[in-house]
Amino acid sequence: MTDEQPVVNEEEQDLPEQIAVRMQKRERLLASGDAYPVSVEITSTIDAVKAKYPDLDVDVATGDKVGIAGRVMFQRNTGKLCFATLQAGSGARIQVMLSLDKVGESRLEEYKELVDLGDHLFVSGEVITSKRGELSVLVDSWQITSKTIRPLPNLHNELGEEYRVRHRYVDLIVRDRAREVVQIRSKVMQSMRKTFTDRTYLEVETPMLQTIHGGASARPFKTHSNAFDTELFLRIAPELFLKRAVVGGIDRVYEINRNFRNEGADRTHSPEFAMLEAYEAYGDYNTMAELTQSLIQNAAMDVFGTLKVELENGEINDLSGQWDRISMFESLSKASGVEITPETDIAVLKKLADKEGLEIDHPQHGKYVEELWEHFVKSGLVKPTFVMDFPVDTSPLVRNHRSKPGVVEKWDLYIRGYEQATGYSELVDPVIQRERFVEQVKLAAAGDPEAMKLDEEFLKALEFGMPPTGGMGMGIDRLLMSLTGLGIRETIMFPLVK
RNA sequence: GCGCUUCUAGCUCAAUAGGCAGAGCAACUGACUCUUAAUCAGUGGGUUCCGGGUUCGAUUCCCGGGGAGCGCACCA
């Protein structure tokens, strides 16, 4: 120890003061031993110690010696007795105490000089309770297991939104909810995989890099393959490959993976987002609606133990019961006061849209219907609701309705006003599918940047015969949003930032 | 892509109707053997996002650029 201010050498001069100081501590540790040991003799965890001694009396010595490690989150040093709070990756915290008589003068001094907030610390000692009754480890020996160079942010203010997203690892250290969301997401995935496994589905992975993007209407990200000297697209959906799998006899198949769409980002949209798609041979859109409801309800039960999930703002998202099913055309007619069917003249739709002040980009009959439906009905849908039977011209991959003319067997699931999932009775007739693609190509030629391209290889697969099939797709990030009430950037651990 | 708002110490934020840039936590020096956002005394720390302009003087006003947030558009 010295009485002088630490001397900052030249190359450290442009570093922030606190980093320069910690660099010097790191040098000292390296000179006298190690600042980043490869391993330490851990005998227990913070969680295990806390679980073993849930309610000891005040000032108890257990005689139980443990070696535990964690990150230093708080320090309270008195002259000859030091306290620190160690935090495990789980977020569990325990107090450790270093006393002069246990560790000796030189090690106590070194502790005070070298250990900073944020450092990873290993201690071994006896499990005790303090005179105030707090479960603690009375340290015999200690070792820094990883010296931190940067200071943690102060733990008494909320981090700014930008700092949280750009430094998620720091956010995870200091904010319980951030850790919790990661855990919830993982558990939801486990639950959904279990639901699929129980129904004998196989999980597969299909191409992310595609020569033709298809399966959805969206603008793609483009890239280039040097090896093949060709333009490639990041997939906007896995649909056309999963259907190939069904043609191949993988009768129950699902994939959970990323899609990429080169479009706007906001509270509910991210350029890359996790998507679940599932296909079941000999199923239809009713089968898939039942599957989707089960996936979500099982996940809520497995993760939260209830179907009435409490959200961030305290509201309850009630996922219980059999979810409502409404018809798109009927609900629109009722809400708008105008009878609207697939036969309604497009001029009538246009007039209504104009009256409501809606501007519609690429006016087709179905586009008007969907836009009008969103305008009149969507925001009122709080309870989970399947919206059934969509227009044909906006749903090129869906089978015509078995009895209602002019609509297809498609539903969208809305929860709390957000589109959560979609389900089809899949179009498997290769001839009609080709006609639908040709329509899309015409739209593309007319300037709709989201129209689908004609995928000959996919059509060839259909020509080999696809069984009657139900399909569904669900945004995983969206699901996490409706289970937590958070924005999409809080459900994604590392959202895109420029 | 368009509009509005915003960017100050490691973190969270003040301030300047254009005139030496402040606080809390964190850091540093010292005291303290039961603290728990420890306490007490003292100290240091800033390219005020970047570039230009106006001005005796710009962190503040103006112009351009960048990042972020919100709204709109597109989309799930």
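No cation-pi contact links A:R168 to A:F494, judged by a cut-off of 6.0 Å to the six-membered ring centre and 45° from its axis.
Taking a pair as Watson-Crick or G-U with both hydrogen-bonding distances under 3.5 Å, the stems of three or more pairs touching RNA chain B are B:1-7 with B:66-72, B:10-13 with B:22-25, B:27-31 with B:39-43, B:49-53 with B:61-65.
Between the CD atom of A:E374 and the P atom of B:A73 there is a distance of 11 Å, given to the nearest Å. Atom CG in A:L155 sits roughly 9 Å away from atom C1' in B:C11 (whole-Å rounding). The separation between A:M73 atom CE and B:C11 atom C1' is 13 Å, rounded to whole Å. A:E109 places its CD atom 15 Å from the C1' atom of B:C28, with the value rounded to the nearest Å. Going from atom NZ of A:K112 over to atom P of B:A27 covers 14 Å, rounded to whole Å.
A close approach under 4.0 Å does occur between a side-chain nitrogen or oxygen of A:K367 and OP1 or OP2 of B:C75. Using a 4.0 Å cut-off, some side-chain N or O of A:K80 falls inside it from OP1 or OP2 of B:U33.
Contact annotation for A:M97: base contact, defined as any heavy-atom pair under 4.0 Å involving a base atom. Among the protein residues, A:L152 comes within range of no part of the nucleic acid, since none of its heavy atoms lies under 4.0 Å from any strand. In this structure, A:N77 reaches the bases: a heavy-atom distance under 4.0 Å links it to at least one base atom across the strands shown. Residue contacts for A:R150: at a heavy-atom cut-off of 4.0 Å it reaches no nucleic acid atom on any strand shown. In this structure, A:G475 reaches neither bases nor backbone, as no heavy-atom distance under 4.0 Å exists between it and the strands shown. As judged by a 4.0 angstrom heavy-atom cut-off over every strand, A:Q95 is placed among the base-contacting residues.
Of the candidates B:C34, B:C28, B:A76, B:C28 carries the atom nearest the A:V21 side chain, counting heavy atoms from C-beta on. Between B:U12, B:U33, B:A27, one nucleotide has an atom nearer to the side chain of A:L100 than all others, and that is B:U33. The listed nucleotides are B:C11, B:C75, B:U33; the one nearest the side chain of A:N154 is B:C11. The side chain of A:R478 lies closest to B:A76, out of B:A76, B:A27, B:G24. For A:K25, counting side-chain heavy atoms from C-beta on, the closest listed nucleotide (B:A27, B:A37, B:A76) is B:A27. Listed nucleotides: B:G10, B:C34, B:C75. Nearest to the side chain of A:P151: B:G10. Closest to the side chain of A:E263, from the set B:C11, B:C75, B:U33, is B:C75. Closest approach to the A:D101 side chain among B:U33, B:A26, B:G24 is made by B:U33 (side chain taken as heavy atoms from C-beta onward).
Using a distance-only test at 3.5 Å, with no hydrogens or angles considered, no donor-acceptor pair links the side chain of A:T394 to the main chain of A:F390.
Here A:F273 counts as stacked on B:A76: its ring centre is under 5.5 angstrom from the base ring centre and the planes meet at under 30°.
Ring-plane geometry between A:Y163 and A:H167 is classed as parallel, the angle between the planes falling under 30 degrees on a 0 to 90 degree scale with a further cut at 60. Between A:F260 and A:F221, the ring planes are perpendicular. Angles over 60° get that label, and only those under 30° would be called parallel.
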What pairs of nitrogen or oxygen atoms, one from the protein and one from nucleotides 68-72 of chain B, lie under 3.5 Å apart?
| residue | atom | partner | partner atom | Å |
| --- | --- | --- | --- | --- |
| B:A68 | OP1 | A:K498 | N | 3.2 |
| B:A68 | O4' | A:E162 | OE1 | 3.4 |
| B:G69 | OP1 | A:R489 | NE | 3.3 |
| B:G69 | OP1 | A:R489 | NH2 | 2.7 |

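Across the C1' atoms, B:U59 and B:C49 are found 11 Å apart, a figure rounded to whole Å.
Taking the six-membered ring wherever Trp is involved, the centroid distance between the rings of A:W142 and A:Y111 falls below 6.0 Å.
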